[in-house]
Each structure stands twice: as C-alpha cells, then as structure tokens.
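Comments concern the structure below.
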There are 2 protein chains.
Amino acid sequence: MTDRPPDQDDQATSPGLTVPVPLGDRSYAIRIVSGDPIGFGPFARSSLDASRAGRGCRVALVVTDANVAALASRHAEALAGQGIAAEVAAVPPGEGSKSLDQAAVLLDRLIAMKADRHAAVVAVGGGVVGDLAGFVAATYARGVPLLMAPTTLLAQVDSSVGGKVAVNRPAAKNIVGAFHQPVGVWIDTDSLESLPPRELRCGMAEVVKYGVILDASFFDEVERTADAMLALEPGVVRRVVARCCELKAEVVSQDEREQTGLRAVLNFGHTIGHAIEAVAGYGGPFQHGEAVSAGMVAEARLAERLGWIDDSLADRLSNLLRLLGLPTSAPGLDPDALLDAMTLDKKNRGGRIRFVLPRRLGLVELTDAPTEADLRVVLGELTSPAV
Amino acid sequence: MTDRPPDQDDQATSPGLTVPVPLGDRSYAIRIVSGDPIGFGPFARSSLDASRAGRGCRVALVVTDANVAALASRHAEALAGQGIAAEVAAVPPGEGSKSLDQAAVLLDRLIAMKADRHAAVVAVGGGVVGDLAGFVAATYARGVPLLMAPTTLLAQVDSSVGGKVAVNRPAAKNIVGAFHQPVGVWIDTDSLESLPPRELRCGMAEVVKYGVILDASFFDEVERTADAMLALEPGVVRRVVARCCELKAEVVSQDEREQTGLRAVLNFGHTIGHAIEAVAGYGGPFQHGEAVSAGMVAEARLAERLGWIDDSLADRLSNLLRLLGLPTSAPGLDPDALLDAMTLDKKNRGGRIRFVLPRRLGLVELTDAPTEADLRVVLGELTSPAV
Ligand SMILES: NC(=O)c1ccc[n+]([C@@H]2O[C@H](COP(=O)([O-])OP(=O)(O)OC[C@H]3O[C@@H](n4cnc5c(N)ncnc54)[C@H](O)[C@@H]3O)[C@@H](O)[C@H]2O)c1
Ligand SMILES: NC(=O)c1ccc[n+]([C@@H]2O[C@H](COP(=O)([O-])OP(=O)(O)OC[C@H]3O[C@@H](n4cnc5c(N)ncnc54)[C@H](O)[C@@H]3O)[C@@H](O)[C@H]2O)c1
Ligand SMILES: [Zn+2]
Ligand SMILES: [Zn+2]
C-alpha cells in the first residue's frame, strides 16, 4: 500500500490533512480539518471548479438530517460566500430516509430551484444522508456534482469514500443505486463531538477493520491511540480518519465499480456481521458496526481453524475491540439462523460461502475454503452464552 | 462520417444488418432483422456473454407495455431457450409510465426474483418502455445488463441508441436518469406493422433529421424511398433504420455523456419543436415527432435568414415532410408563448437562445447568432393561419 500521510499537518490554512483520491478524470480530494466551518466554502468552490460540470455551479441543495441541520446551515452560508445560492433540505434522521420517496422529494426540490446540470448536491450528515443525497446527485439530470461533508465516524472513514450511493426498497437494502464519485469530501472532525458515543464506537469497528485487512502498523497505531480516539483528540482523529480514507481510496481506485473482486477485501467481518444484523433484527441490539465487530472476531477464528493464522491475532483483535467498547460475540443468537442468513447473502454464488479472511495482520484473502463444519464451530463459539 | 453499411444484407442467418456501436469496453451491436422472433435468443445470449456482467446471466425481467405484450412473450420464450428464465412485466402504455412509481414496481419485481447483478433487464416496446426499463437497469444493484428490442420507429432510430435513460417527475420530463448503455439492441422491423400510422410518421421526422444534420446522400435516399418506408418494405426499412442507428451511434460515441457539446447536433428542429410541444400542450395536437417536423422547417428558415443557406433547402425539407404526412407549420399557436417557452428551455444558458442550424444539407452548427427579430419573423411564418 502507499506510504503513510505526512505525520505533520500541512499548515496551508488551518491544520489539516489532504488525501487525494486518484480516479482518472473523476479524481478528487478529501480534506480533513478540525473546527474550520468557514474553510468549507473555498474548498467547495475549488473542488467544483476542478470538475467538469461543477465549474458553472451557481446553486446547491444541501441535504442533511435534523440532528446536523445547524452545521448544514453553516455550510450553506459558506457556499453563499462563494457565490453559490444554497438551500437546505433536512430529512428525518434514520435509515428510513434512504428511500425512493425521500429521493423524489429532493429531486422535486432541485426542479423547483430550476437546478441545471451544473447545480451541486451537498451531503452534510452520516451515511444515510450521504447515500440518499448521493443517489439524488447521481440521477438528477443524469448526474450533477456531489460534495460530501460526513459527520459520523462511519461516514468519514467508510461511506463517503468510494462512490457507492443507494436507497433502500422495503425488501432489500441499498438495492437501488449508482456509482457516483463526489467532486470533494470535507471532513471536520469537530462534528464528532455531538455524535452519540455508540455511533462513534460503531465507526471504530470499521477503523479496526482497515488495520486488519490492509495495514499492520496502522493496527498498532489504533491500539496505541484507542483512548485518544474515544476522547476525540483532534490531531489523533485527523490522522486516523486520513489513513482510513487513504486505505479505502486505494482499494476503490483499483476496483472502482466492483468488477475485479479486489474491493471485496472491505467485506472482512461483514459476511458473519451481516448475518448477525439480519438475525438479531435491523434496528435491534446490534448496530452495523457492532455486528461487524463480533463478525470480525468470528471470521478471524475461522482463519485460525484453516491454519492461516495462530490464535494471537484473533486475541489481539478481540482485546482491541473490547477496549473500544465493542462486542466480540453474539451470545444467544441461533447458529442455524446465522448460517441460513449467510447462505442468502448476495455475495455468495453457487452454494459455497465466500469469506475474506486474514493471512496475517494487514493481509486478507478471498476464500471459500471453510467447510460447514468449520463454520458451525465458529458460530457456536460466537453465540455461546457469555462467561 | 463513416461509410454506408453494406448494400446487401449479410446472410449469416436470416437477412439482417449489424451496426456496431464503438464505446470502448461498453461497445455493443445493433442487429436489424425483419420477422425473426427466434433470432432474439442467440443474439441476447451472445450480447450478454460479450459483456462483463452479462456472462453469468440466468434470469431476466422483460419490460413491455400492453400493446406489445405478445411480442414480449415471444422474446421471453426465446430467452428461455438460452437458459435464461424470463418474467414479463407489462406497464400501462403511455408517457405516464415513465415514473419513479413504475420504476419502483419493476425494481421490487427484480428483488422478488432474487435477481443479482448478472440479471438482465429487457425492454420490448417504444421509447417509454426503453427509458423506464433502462432506468431500472441503470439503478438496480447499481447497474445490471440491459437489452433493448425497440418496437416503434422512434425507438428504433433514436431512443434506443445512445444510453440515455430516464423517468419523469410531474414538473419535468426526463429529469431523473442516467447514462447506461445496453449490451445489445435487437430491431425486428416487422414490429412496425402493428404500429399506428401516426407513430410511424413521427419516427420519420427523426429519420429526416439525420439526413439534414449529418448525411446529404441519406436525405436523398429518404426522398426516394419515402413511399416504400410508409409501406414498410422490409429491405428499405432495414437500410433506413440501420443508417439512422449508425449516424446516431457515431455522434454518441464521440460525446457519450453530453460533455463536449457535439451531441447537441441531434437537437436540430428540437429547440422550436419543444416549444411547440409545450405551448400546444403535451398529449395535445402535436406529438413529439410532429412538433419536431414543424420545428425543423422553422429552424431551416432561421438559417436562411442568417444567410447560411438559400431557400431551396427549407423548401426541399418541407416538401419531404409533407410527403410523409408530417406538419410543416403550427398555425394558430401564439408566437410570444413559443418565445417564452424557448427562453426557459434548459439547453440555453445566459439569456441567448442557442440553435443547431444547417450550413448546408448534411452539416449543422451550434449558434446563438439569431436575434430576437429573426426569431419573431420565423415564428410569425410558423404560426400564421394555414393558406
Ligand atoms: N455508501 C457506502 O459505501 C456505505 C458504506 C457503509 C455504510 N453505508 C450506509 O451508511 C448508513 C449508516 O451511516 P451512519 O452510521 O453514519 O448512520 P446515520 O447517517 O443514520 O447517522 C447515525 C445517527 O447519527 C446522527 N448524526 C449524524 N451526525 C451527527 C453529528 N455530527 N452529531 C450528532 N448526531 C449525528 C444521525 O442523525 C443519525 O441519527 C447506512 O445506511 C449504510 O448502508 C454506506
Ligand atoms: N432515451 C432517449 O435518448 C430518447 C430519445 C427520444 C425519445 N425518448 C423518449 O421516448 C418516448 C417516446 O417513445 P415512443 O414514441 O416510442 O412512444 P411510446 O413508447 O409511448 O410508444 C407509442 C405508442 O405505440 C405503442 N406501441 C409501441 N410499439 C408498438 C407496436 N410495435 N405496435 C403497436 N403499438 C406499439 C405504445 O404502446 C404506445 O402507445 C418519450 O418518453 C421520449 O422522452 C427518449
Ligand atoms: Zn461496514
Ligand atoms: Zn426527438
């Protein structure tokens, strides 16, 4: 993988880090700052100007949810300062807003603003707002410029990088969507201060994942800085977020549209994690990050059973997750139900279940080697009553 | 522009012509036959196999409308013969089906079929079915393979070539969409036999347009074969359709996503044509092709006023359109209302109205040279009471 970002913030304006996302003529920058609401204006303008359609941008629709609407208003003002007339549309918080109905409301709002193909859509919020606003940007006038200002840790390290946008249908999550890269991503780590602690921890599960799949020394760093992260020390948060963005951007730039299979490495912990979410019930005791946390431990144990790693890795991983306040098991869930859920998982074709498993810390491999027997042992451990 | 397609049908299977659409790794073929419903099966299979996602295709959703459902069923059977389980979904005929609501019904149908990203969407119908099914294919699972079997002349020569797919919102047509190229287009000219004559004439307006904008000798040919076209002589229809596809494909392959402006040449007749549609009322006395017919004559007169062409071109054009049973004027419409409608037209930025006007037969140029005075004269002629 690439070199680490510079240890020192660059001092161009206020302290911050820039992660370039190399995607040919869709390349863009992720800028990571702490407490710089004004800076969004010039960043937005220069990101738009660097894109083909954004150059003529005069109007923008800022999409947000009620929990982050105050920040969204400040971003709208920052856009006004750059000659971009921005309206704010707040959707109800929660996964339910990732719907075609909400998309239609936003699309009609753009029509009412007489937005043309140079108008920008700006997502200020978590992954829900990002995915919804991104879908609107992907489809309005066959695609308009998208700016993202993610405000949850999960959105900062995961959902706002990669260009996947989508809404749900009642019977399937993320089933209606597109690949639509933003023209720029603005991350102000100060936004995390108002985030519920549970949401912060969920984001940390994905942070830990990047270490396991791609970068052993980053895993070390997350171990060392876990407390500072949970305490939201700005310098630490910036570095950790930047490294995650960089790692994900590198995977994405090699497999932008999920065609080569490389992007699958990001699914570590997710095969079993998705099953936990499905069986425990969406909106139930396991949030996504929590399910992934327990799923990563179980999948590491699976790799252990294949003889790929010894038990030190799974132990280290589960210690770190516990330190971060994340679950490492799912006591009481039905192993058979988990197995059924996995067999339905769309990533698996032709009967065998495919996993992304660690070969060593920082390296994973796609495999269908685990037998049902292996899996039953691991699911048994995962679901056994807490001791 | 490229050479003409071979004068002789190739005899590989049944008589037919193939037009390649060169778009890099999105390249595909348009196959034009007459009376070969069985041939669709092997064509679909080989088109799918030539595309990345289509290779594993086992299921397909055939989208159609009630007026062409019988043909759609035959296509579904042809797919079954290739090991592709196909379900048919018929939407109500008419522009009203190009909606997010209808798209949602089809997307849910795909979910119910457990369609994965290798499933195909097959459009069998006119431009409405093509645009709707195309939007569904573009967004389901972030994009699945699309096959088109256009059954109106307009869809065969225009809407099924170019990858533009869209649905409407109440306040704006085609505002929600994507660029999503099909993996193959199958045109059986026999489908035109059941088409209402007025729909056939409307398609002829776009046929004539290609001659004016890109190919003088094709314009000659359309003049010579107008009667044979209206009588649906298979050999003539195949050649004319193939040439139109080829001309549009060439424009599209140079400006796939409407970024260079080249694709604008296709708008000849449409600036005034759209105004006629809007002022006369959608679903009113002017269908799209009829409005474009009158619009082309008016825009040719505008070029005459600029001194770009002499009156022989507009005369020839309007004679041909009359011969085809198409209107060449819009008596009684209000010129001021037309002017207002044009000023709102989304193609125009910054006040001036932009037109695509003929320099000579077969060559057009984008210009904002016409003054309001020029335009008023031409709109006056266009709307003056019939003599
Ligand atoms: N596109 C992708 O690649 C991708 C990747 C992973 C997840 N996702 C999607 O992301 C979504 C989950 O994202 P999420 O975890 O950010 O959830 P979310 O957007 O629902 O945010 C979680 C909660 O935090 C609130 N919130 C957001 N920012 C806040 C702030 N700064 N202060 C206080 N409250 C704040 C929100 O209102 C919400 O109630 C899912 O829909 C998932 O499918 C997408
Ligand atoms: N995507 C593009 O690039 C593009 C270009 C031009 C037009 N369009 C769109 O195309 C649509 C118009 O297409 P259209 O003119 O084909 O209209 P249409 O699809 O509504 O078809 C016209 C009528 O003919 C019927 N019909 C279709 N095939 C038939 C057949 N073989 N026999 C008997 N009846 C048949 C239909 O049921 C309908 O009633 C518009 O929505 C327009 O926006 C798209
Ligand atoms: Zn995740
Ligand atoms: Zn047209």
Side-chain angles (χ1 to χ4, degrees), chain A residues 25 51-53 56 58 99-119 131 134-144 162-180 256-260 344-350, chain B residues 25 51-53 56 58 99-119 131 134-144 162-180 256-260 344-350:
Chain A
D25 63 358
S51 78
R52 203 190 305 253
R58 293 269 160 67
S99 67
L100 279 177
D101 287 346
Q102 277 300 338
V105 169
L106 298 172
L107 290 161
D108 286 347
R109 185 82 180 258
L110 283 162
I111 298 169
M113 292 166 68
K114 298 194 195 306
D116 66 9
R117 55 154 70 175
H118 306 276
D131 280 10
F135 179 73
V136 168
T139 55
Y140 185 77
R142 298 194 181 82
V144 296
K164 283 169 74 168
V165 299
V167 296
N168 306 324
R169 290 298 300 158
K173 242 183 83 86
N174 294 327
I175 194 67
V176 188
F179 292 94
H180 189 68
E256 189 181 353
R257 299 179 74 101
E258 288 192 322
Q259 289 171 329
T260 68
L344 287 175
D345 196 40
K346 66 179 174 207
K347 279 185 298 298
N348 307 303
R349 296 172 61 209
Chain B
D25 63 358
S51 77
R52 204 191 304 253
R58 292 269 162 67
S99 68
L100 279 177
D101 287 346
Q102 276 301 337
V105 169
L106 298 172
L107 291 161
D108 286 348
R109 185 82 180 257
L110 283 163
I111 297 169
M113 291 166 69
K114 299 194 195 305
D116 67 8
R117 55 155 70 175
H118 306 276
D131 280 10
F135 179 73
V136 168
T139 55
Y140 185 77
R142 298 193 180 83
V144 295
K164 285 169 73 169
V165 298
V167 296
N168 306 324
R169 291 298 301 159
K173 240 183 85 83
N174 293 328
I175 194 67
V176 187
F179 291 93
H180 189 67
E256 189 181 352
R257 299 179 73 100
E258 289 192 322
Q259 291 171 328
T260 67
L344 288 175
D345 195 40
K346 65 180 176 206
K347 278 183 298 299
N348 306 305
R349 297 172 61 207

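Sequence lines set the chain letters: A, B, ... in the order given, protein chains first and strands last, and positions in each chain run from 1.
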Of the listed residues (A/Val167, A/Val136, A/Asp108, A/Leu110), which shares the most heavy-atom pairs with chain B below a 4.5 Å separation?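 Of the options given, most contacts go to A/Asp108.
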
Which heavy atom of A/Val144 sits nearest a heavy atom of A/Ala141, and at what distance?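 Heavy atoms only, the tightest pair is CG1-CB, 4.3 Å.
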
Under 4.5 Å from a heavy atom of chain A, the part of [X] involved:
{"X": "B/Ala138", "result": "backbone"}
{"X": "B/Val165", "result": "backbone"}
{"X": "B/Ala178", "result": "backbone"}

Please say which of B/Arg52, B/Arg117, B/Arg142 ends up in a salt bridge (Lys or Arg N to Asp or Glu O under 4.0 Å) with A/Glu258.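 The single option meeting the salt bridge (Lys or Arg N to Asp or Glu O under 4.0 Å) with A/Glu258 is B/Arg117.
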
Please identify, among B/Asp101, B/Leu107, B/Ile111, B/Leu100, the residue contributing the most non-hydrogen atom pairs under 4.5 Å to chain A.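 Top option by heavy-atom pairs under 4.5 Å: B/Ile111.
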
Report yes or no: does [X] contribute a side-chain atom to a donor-acceptor pair with the main-chain N or O of [Y] at less than 3.5 Å?
{"X": "B/Asn168", "Y": "B/Asn174", "value": "yes"}
{"X": "A/Tyr140", "Y": "A/Ala115", "value": "yes"}
{"X": "B/His180", "Y": "B/Gly163", "value": "no"}

